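Just below is one structure, and these are the notes that go with it.
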Amino acid sequence: MPAGRFIVFEGIDGSGLSTQAALLAEWLLGKGHPVYLTKEPSAGPAGSQIRLALAGRLVSRPGPGAPAGLDPRAMALLFAADRMDHLAGEIEPLLEAGTHVVCDRYVLSSLAYQGAEVDPAWVQAINAGARPADLTVLLRVPPQVALARIRRARPRAELYENGERLGRVLDNYERLARELAGSGQRIAVLDGTLPVDAVHREVVSLVAPLVTPPA
């Protein structure tokens with residue numbers, strides 16, 4: 001049985017990653033392919049800590065001059081730990097069994113988000129053990145559009161959800177996309193402001209040649 005394909009969606013918060021990941025998983029399933037839809041942070045132990053930190057409910061031990069939230073280096077390590085656990089416990093066994101895995105966020109999220117706050121080379125080093133995706137789809141959405149979507153979806157913003165920070169993260173994503181393409185990895189940058197169906201059609205056109213028709 002051929003190995004499954006690992007397809008990752010990336011972009012700033014509010015880019016429509018979850019929507020497009022779910023639509024792709026539905027399309028694959030409709031074509032008869034075994035598929036598993038997942039996301040990062042994962043549902044594992046490290047992922048649950050990250051979710052608390054993103055919601056402002058997990059803080060450092062109080063002390064003189066202590067930051068309001070976790071140190072950015074601690075966040076980067078949590079994301080890397082969650083990724084290794086996610087790969088070993090879910091993604092890699094499924095791929096080996098022939099299931100296509102669609103993941104909402106992966107390594108580029110750490111490089112774009114945590115790399116905007118700490119040494120990017122260090123963030124890259126702690127994620128060096130993560131396998132590359134077979135295809136990365138970067139949905140490009142201007143920060144103000146993304147923020148408007150976020151505010152419609154939920155009243156309270158999470159960590160990283162402000163225009164200035166999202167602008168820096170988007171710049172990182174665009175630089176990373178060029179570097180990834182230059183290294184020979186498959187990455188596509190799509191206009192995430194287009195209608196949902198139009199973006200989905202572009203995604204399908206990228207994925208269809210990668211997946212082997214089921215027997």
Side-chain angles (χ1 to χ4, degrees), residues 7-24 38-42 47 49-60 67-80 82-83 102-124 126-127 130 133 136-181 187-196 198-200 202-203:
I7 300 154
V8 170
F9 285 86
E10 291 282 5
I12 62 174
D13 296 344
S15 295
L17 308 183
S18 297
T19 297
Q20 291 302 327
L23 286 173
L24 177 60
T38 188
K39 67 186 303 181
E40 293 189 352
S42 77
Q49 296 300 301
I50 293 169
R51 292 180 192 281
L52 289 173
L54 292 174
R57 295 166 55 197
L58 183 67
V59 297
S60 300
L70 288 185
D71 184 274
R73 293 165 297 185
M75 284 293 289
L77 288 166
L78 274 176
F79 273 106
D82 181 47
R83 185 161 297 124
V102 178
C103 192
D104 174 351
R105 297 198 177 283
Y106 191 53
V107 173
L108 286 194
S109 285
S110 285
L111 297 176
Y113 278 86
Q114 281 75 58
E117 298 183 293
V118 299
D119 180 6
W122 178 74
V123 178
Q124 191 160 21
I126 62 175
N127 285 280
T136 299
V137 178
L138 173 59
L139 300 180
R140 191 188 189 287
V141 173
Q144 294 311 314
V145 173
L147 285 171
R149 291 176 176 180
I150 291 168
R151 292 185 185 115
R152 287 196 298 268
R154 59 180 183 271
R156 182 178 177 181
E158 291 186 343
L159 185 66
Y160 307 121
E161 292 179 351
N162 66 70
E164 180 183 354
R165 184 172 283 181
L166 288 180
R168 294 199 307 271
V169 172
L170 182 58
D171 288 343
N172 279 349
Y173 265 127
E174 292 180 337
R175 173 182 54 79
L176 290 163
R178 292 191 295 270
E179 291 176 1
L180 210 63
I187 182 164
V189 182
L190 303 184
D191 182 356
T193 66
L194 294 175
V196 170
V199 177
H200 174 59
E202 289 194 49
V203 171

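Predicted model, so just to flag it, every value in this text is computed and none were measured. Numbering starts at 1 and runs along the sequence shown.
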What heavy-atom pair brings [X] and [Y] nearest, and what distance separates the two atoms?
| X | Y | value |
| --- | --- | --- |
| F9 | A21 | CE1-CA, 3.6 Å |
| A53 | L70 | CB-CD1, 3.9 Å |
| P143 | I12 | CA-CD1, 3.9 Å |
| P72 | V118 | CB-CG1, 3.7 Å |

Side-chain heavy-atom pair [X], [Y] within 4.5 angstrom cut-off:
| X | Y | result |
| --- | --- | --- |
| V141 | R149 | yes |
| E202 | L194 | yes |
| V8 | L108 | no |
| R83 | S110 | yes |
| Y113 | M75 | no |
| R105 | K39 | no |
| V203 | I7 | no |
| Q20 | V196 | yes |

How far apart are the C-alpha atoms of R168 and D171, what are their side-chain angles, what is the distance that settles it, and do they pass the side chain to side chain contact (heavy atoms under 4.5 Å, CB included) test? CA-CA 5 Å; R168 294 199 307 271; D171 288 343; 5.5 Å; no
Give a yes or no answer on whether the side chain of N127 reaches the backbone of A80 with a donor-acceptor pair at less than 3.5 Å.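 Judged by distance alone, no pair lies under 3.5 Å.
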Is there a donor-acceptor pair under 3.5 Å between the side chain of R51 and the backbone N or O of P41?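 Side chain of R51 to backbone of P41: a pair is present.
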Atom [atom1] in [X], atom [atom2] in [Y]: separation rounded to 0.5 Å?
| X | Y | atom1 | atom2 | result |
| --- | --- | --- | --- | --- |
| Y173 | E10 | OH | CD | 4.0 Å |
| R152 | L147 | CZ | CG | 11.0 Å |
| S15 | L166 | OG | CG | 8.5 Å |
| D104 | S109 | CG | OG | 8.0 Å |
| L77 | Q114 | CG | CD | 9.5 Å |
| T136 | L176 | OG1 | CG | 10.5 Å |

Identified side-chain contact (heavy atoms from CB on, under 4.5 Å) counterpart of L139 within the set T193, V189, T19, V199: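 Answer to the side-chain contact (heavy atoms from CB on, under 4.5 Å) test with L139 among T193, V189, T19, V199: V199.
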Whether over 12 other heavy atoms sit under 6.0 Å from Q124 CD: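 Counting neighbours around CD of Q124, 12 or fewer heavy atoms of other residues, nucleotides or ligands fall under 6.0 Å, so no.
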